[in-house]
Amino acid sequence: MNQASLHRLLASSELDSPEKANLNKLFDLRLSTNLPIIQNLFLSLYPESNLPDSFQVLMELLPELFRKRSRNLKIQDLKRLKDANWYQSEKMVGMQLYVDRFNKDLKGVETKIGYFEKLGVNLIHIMPVTTRPKGENDGGYAVNSYTQVDKKYGTKEDLVNLAKKLHSKDMHLMMDFVVNHTSDEFPWAKKAMAGDKKYQDYYYTYPDRQLPDQFENSLPEVFPKTSPGNFTFNKKMNRWVMTVFNDYQWDLNYKNPLVFMDMLTNLTDLANLGVDVIRFDALAFLWKKMGTDSQNLPEAHRLITLFRMCLQVVAPGVVLLAEAIVSPQKIIKYFGEGISKGNECELAYNATLMALLWNSIATKKTHLLYKNLINLPSKPEEGAWINYIRCHDDIGLGFEDRYIYEVGWDAFAHRKFLLDYYGQKLDWSPAAGQIFMYNPKNGDGRITGSAASLLGLEKGLAQKNHESIIMSVNKILMLHAIILSYGGIPMIYAGDEIGMLNDYSYLKNKDLREDSRWANRPRQDWKTISELDKVDTPQSQIFHSLKRLVEIRRNTPAFADKNNLKLHPNANPHIFMFERTNDFGKGVLVICNFDETIHMIEVGTLTSMGYSSGGKLKDLVSGKKIVLKSGLLEIKPYQIFWLVKP
Ligand code: GLC
């Protein structure tokens, strides 16, 4: 039983009428329930701190943070607590968007709530809207503040109103908490530059290269092309500062307990605006240790759990999403292990599934996909994945080398093939992608581009090749159908629902042109959207089919994420098959074909899984009964079945 379940149990007598609950008493109860864990984590991270009474300071801070939360949100917290693990529900479907590129500003997004309803999405991830440096700012991930809205997007009031409006429609708001770094214009950075020692200790700053050089021996580079190295010399401060991402993003020094407490305040202030899901950005990097790669360290996990346990005391309805785009075995740890099991992050990006789906598209084979997924330990029962195909970032090929060797390929050559396939180096490849941050030192590179362009729609349309267009539409739908049925919250990237192509306008902007991730941050095409119901185009086919799939998902309880996924490895190397079981034997068998030719599944295979033909199987995707004339189930290129028993 994790801490959230304990809170639910202890508060059970109050949860039926949250409006009448004694909110302060429940806060005290939560604090005393989480206190041993909070104390243990805090003191393990800050044992002999310069501030001997810092734990006492934290104890005084928590009630203060709770006091700042509005009564309405406190009541909402209790409703969420009652609605246990609400984020695992089959009803959850997300969309990620850039506010300005989607519809100008926060008010503009509010006017599109009807569009979300039409498509069936109810969790809206808006990308950073807080103040940031002019010019380069990593799409807002260089933060000048955690809660001040940049006027380009509107006001804080607009943000609060958007959250309220979404809640009134039973929708949820997700936002980023850029927990690892601030911009070099953040007030703390400015004070550090002005020579304030206290704030120099909020970051990793050094008078010379001695320690930075030692760190560099084991630190990898995140942006080797545009921001090589991990330290930047700051002339004003006359010191080196750690900048793992871009040179204008300063890494916060969590070895300092004051940083933790101030960031906890920023976190709860963000939650108090009405945010339901908080995306912990780049959280794998939170703790730095000399001689290591300073990623995924045990201290980082403890720190995240500490944030989680404190936030839970203040705002138990808010959940955390781990943005850990790291290797499969490491991602799963962000759900928590040992005493932290189920107490770290409720959600994590399924970057493993995402990267392997792209691998399967390029290779037309599914053995590597199975191998990686089968070898993953199962997540705690309270956790859920965020499943996605594309997001605003690049596609990293973060799966394990050893499995590539095990399927008989050379890992280095295979990764090169993938970069060539998506990066327009192979004439026969339908993909129109870009390469991101190629590092000639080690051959590492990542892939960017929109889903539709990577899946062949851009080339198909340019060549007016009807067959390629159909093929790419089917690929787009199949990948989306997989994330809609796999288990977890499917997150649609705004624009993908209408097959938007790469946007090359970034190449003309000096602040963006070095960062090919902008190829997949297009402006929402409202003109195309306004015509979707009137025309029959690839875009309208994608939209209408996706909308149907979303609706089916939301009406299929087996798709709720209750650790009810069963992978069915198949002798046919092009087929991906898995089952979502449920307690009443009413599961869904998902079968898809990653090849350009038709494949057959023998009836015996289906029967052995309890999906006996008998003429009564139904495919939810096409809405049709399955009639097997020859004892073989035929599956067309990039077709997906969601089979259910009668
Ligand atoms: C996350 C964001 C990415 C950003 C990085 C640094 O990975 O998704 O866009 O560049 O953090 O903040």
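Ligands are counted one by one from 1 in listed order, and the atoms in each one are counted from 1 as well. Values below: every heavy atom of this structure, side chains too, minus hydrogens, waters and symmetry copies.
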Geometric cation-pi criterion Lys198 and Trp188, 6.0 Å radius, 45° cone: no
Per-pair distances, ligand 1 N/O vs protein N/O, less than 3.5 Å:
unit_1	atom_1	unit_2	atom_2	d
ligand 1	7 (O)	Glu323	OE1	3.1
ligand 1	7 (O)	Glu323	OE2	2.9
ligand 1	8 (O)	Arg279	NH2	3.0
ligand 1	8 (O)	His392	NE2	2.9
ligand 1	8 (O)	Asp393	OD2	2.4
ligand 1	9 (O)	His392	NE2	2.9
ligand 1	9 (O)	Asp393	OD1	2.8
ligand 1	9 (O)	Asp393	OD2	3.4
ligand 1	9 (O)	Arg517	NH1	3.3
ligand 1	10 (O)	Asp138	OD1	3.0
ligand 1	10 (O)	Asp138	OD2	2.6
ligand 1	10 (O)	Arg517	NH1	3.1
ligand 1	11 (O)	Asp281	OD1	2.8
ligand 1	11 (O)	Asp281	OD2	3.2
ligand 1	12 (O)	His181	NE2	2.9
ligand 1	12 (O)	Asp281	OD2	3.1

Taking only residues two or more places apart in sequence or in another chain, which ones pass ring-ring contact (aromatic ring centres under 6.0 Å, His included) with Tyr203? Trp250
Got a sec, which pairs hit side chain to side chain donor-acceptor pair (under 3.5 Å) with one end in residues 392-401, sequence neighbours left out? Gln96-His392, Asp393-Arg517, Asp394-Arg446, Asp401-Arg415
Residue that, paired with Thr232, satisfies side chain to side chain donor-acceptor pair (under 3.5 Å) out of Asp247, Thr243, Asp184: Thr243
Indicate, with yes or no, if the rings of Tyr486 and Trp385 have centres closer together than 6.0 Å. no
Taking ring-ring contact (aromatic ring centres under 6.0 Å, His included) as the test, write out the residues that go with His172, two or more places apart. Trp86
